[in-house]
Amino acid sequence: MADTDLQRPAHANADWSIPQDWASYSAVEHATWDRLFARQAKMLPGRAVPEFLEGLEVLRMSKPGIPDFNELNERLMQATGWQVLAVPGLVPDDVFFNHLAERRFVAGRFIRTPEQLDYLQEPDIFHDVFGHVPLLANPVFADYMQAYGKGGQRAAGAGAISKLARLYWYTVEFGLVRSAEGLRIYGAGIVSSYGESIFALDDASPNRLGFDLRRLMRTQYRIDDYQQTYFVIDSFDDLLRATLETDFGPLYAELETMPDVPVETILTSDHVYTRGTQAYARQKDAHEQA
Ligand code: HBI
Ligand code: FE
């Protein structure tokens, strides 16, 4: 991320936070939230992982419209000790990692306009809060996010942020998880997008590959379109364990010696999930059963 360009606005605090100023949202802004929320809440059962759907309850506030962070933070604090802070937009990597390491998630305070319901470039409050907060209410995922923040602080020292950012991208933003009933989505970039919530599971074109940390950190990603490759974890416990048990220092050194993998590439060592008789049974399993 080219965050040398980022300038802290004069109205932001030293940690880049700003007041949410909930009372100043307009009726149109609240209506945009309600519309997006209703559309996603209706389509996600059977697509999103159960932990996300459970976490969504945290966002059902006592008043309609954009969640008031005061109320939201009381609930989140009780669930997992996380807090949400309003920020003007993208923040520098070190600021982002420092907040995560202290169990604080930064969220844009602005919301997209009615003309931008389906696409915008910068993360707004709908992406940040609807997409990310439900899983922050899950104890295992909450620990994973904090571990990522601490890993980011160390990666900065190792000059390896671009490699670690791929882990965030392919899990927190665009992750899939397997379940007995088939694949489910959990990445915030997917669950906050109507189109990608369908594409990620139903479209024939993207690759769905079994999670492998080394492989994932070699893989480039796309920021301007739906993903060409998704990585599939077995569970949040597995993801947290894989992250905590890895010594990232030697891994970064090893990755320096290996070429990047383009987004569309499938390696012979990849576990490829395909749409079989059972929804997305592992190809390997399908062969074993045949
Ligand atoms: N800032 N507000 C905001 N939201 C993000 O998701 C974010 C950020 N700054 C940096 C960043 N993400 C990523 O570059 C890190 O994961 C590396
Ligand atoms: Fe995000």
Side-chain angles (χ1 to χ4, degrees), residues 1 3 40 44 47-49 51-56 58-59 76 80 82-85 87 90-91 93 95-108 122-156 160-178 183-193 196-197 200 208-209 211-213 215-217 219-223 226-227 229-244 246 248:
M1 188 139 298
D3 59 15
Q40 286 311 96
L44 288 174
R47 292 184 176 273
V49 70
E51 291 90 335
F52 179 88
L53 299 170
E54 284 158 28
L56 212 44
V58 158
L59 294 183
L76 255 187
T80 56
W82 273 78
Q83 296 287 275
V84 176
L85 279 187
V87 290
L90 282 179
V91 302
D93 290 338
V95 174
F96 187 68
F97 295 141
N98 291 344
H99 281 306
L100 292 181
E102 302 288 333
R103 289 171 102 85
R104 289 188 297 264
F105 190 77
V106 296
E122 268 212 67
D124 72 339
I125 194 168
F126 186 74
H127 166 82
D128 282 332
V129 173
F130 183 93
H132 287 281
V133 169
L135 287 182
L136 291 174
N138 175 268
V140 178
F141 202 82
D143 285 355
Y144 174 68
M145 290 291 280
Q146 181 177 26
Y148 179 84
K150 291 181 175 175
Q153 293 171 326
R154 291 188 292 264
I161 286 180
S162 66
K163 296 290 192 306
L164 187 69
R166 291 171 175 172
L167 177 60
Y168 193 87
W169 189 265
Y170 280 121
T171 60
V172 178
E173 294 292 354
F174 292 100
L176 304 183
V177 57
R178 71 188 298 213
L183 296 190
R184 293 289 182 269
I185 57 184
Y186 72 88
I190 309 178
V191 296
S192 64
S193 158
E196 196 149 0
S197 290
R208 300 173 180 89
L209 308 179
F211 177 87
D212 175 274
L213 187 59
R215 197 298 188 202
L216 180 157
M217 298 221 303
T219 310
Q220 296 168 348
Y221 59 81
R222 215 171 249 186
I223 59 166
Y226 294 158
Q227 300 304 299
T229 291
Y230 298 97
F231 285 93
V232 183
I233 61 170
D234 286 343
S235 68
F236 292 152
D237 278 311
D238 254 47
L239 178 62
L240 178 62
R241 199 172 332 116
T243 313
L244 293 179
T246 296
F248 281 78

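Shown here are the ring-ring contact (aromatic ring centres under 6.0 Å, His included) partners of F126, two or more places apart in sequence or in another chain: W33, F130. Scored by the salt bridge (Lys or Arg N to Asp or Glu O under 4.0 Å) test, D212 finds no partners at all (sequence neighbours excluded). In this structure R154 satisfies the salt bridge (Lys or Arg N to Asp or Glu O under 4.0 Å) test with no other residue, sequence neighbours excluded. Take F236 and apply the ring-ring contact (aromatic ring centres under 6.0 Å, His included) test, not counting sequence neighbours, and it matches F141, Y186. With sequence neighbours left out, E196 forms a side-chain hydrogen bond (donor to acceptor under 3.5 Å, both in side chains) with Y230. Applying the side-chain hydrogen bond (donor to acceptor under 3.5 Å, both in side chains) test to S193 and every residue at least two apart in sequence or in another chain returns nothing. The side chain to side chain contact (heavy atoms under 4.5 Å, CB included) test applied to S162 returns no partner, not counting sequence neighbours. Shown here are the ring-ring contact (aromatic ring centres under 6.0 Å, His included) partners of F105, two or more places apart in sequence or in another chain: H132. Under the side chain to side chain contact (heavy atoms under 4.5 Å, CB included) criterion, A101 pairs with K150, Q153, not counting sequence neighbours. Taking the ring-ring contact (aromatic ring centres under 6.0 Å, His included) definition, one finds that Y148 meets it with F97, Y168, sequence neighbours left out.
From R178, atom CZ reaches atom CD1 of I233 across 11.5 Å, with rounding to the nearest 0.5 Å. One finds the CE atom of M145 at 8.5 Å from the OG1 atom of T171 (value rounded to the nearest 0.5 Å). F211 CZ to D234 CG: the interatomic distance, rounded to the nearest 0.5 Å, is 10.0 Å. Taking CD1 from I190 and CZ from F52, the interatomic distance works out to 11.0 Å, rounded to the nearest 0.5 Å. To the nearest 0.5 Å, the span separating OG on S192 from CD on E173 amounts to 7.5 Å.
Side-chain contact between R184 and L176: absent, with no pair of heavy atoms (C-beta onward) separated by less than 4.5 Å. Proximity of L183 to V177: side-chain heavy atoms (C-beta onward) are nowhere separated by under 4.5 Å. Residues S197 and I185 form a side-chain contact, since some pair of their non-hydrogen atoms from C-beta on lies under 4.5 Å apart. At least one side-chain heavy atom of F248 sits under 4.5 Å from a side-chain heavy atom of M217.
Looking at R166, its side chain does come within 3.5 Å of a backbone N or O of T219 through a donor-acceptor pair. Between the side chain of T80 and the backbone N or O of L136 there is at least one donor-acceptor pair closer than 3.5 Å.
Nearest heavy-atom pair across L100 and G149 is CB-CA, 3.7 Å. Nearest heavy atoms, A48 versus V191: CB-CG1, 4.4 Å. Nearest heavy atom pair, residue V129 against residue P134, reads O-CD, 3.3 Å.
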Would you please test V232 and L209 for side chain to side chain contact (heavy atoms under 4.5 Å, CB included) and show each step? CA-CA 6 Å; V232 183; L209 308 179; over 6 Å; no
Test side chain to side chain donor-acceptor pair (under 3.5 Å) applied to W82 and Q146, step by step: CA-CA 9 Å; W82 273 78; Q146 181 177 26; 5.7 Å; no
Let me see the working for T246 and L213 under side chain to side chain contact (heavy atoms under 4.5 Å, CB included), right down to the final yes or no. CA-CA 9 Å; T246 296; L213 187 59; 3.4 Å; yes
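For residues 125-136, no residue pair satisfies the salt bridge (Lys or Arg N to Asp or Glu O under 4.0 Å) rule, not counting sequence neighbours. Annotation: salt bridge (Lys or Arg N to Asp or Glu O under 4.0 Å) contacts involving residues 95-105, sequence neighbours excluded, comprise R103-D143.
Among W169, Y170, Y221, the single residue meeting the side chain to side chain donor-acceptor pair (under 3.5 Å) criterion with Q227 is W169.
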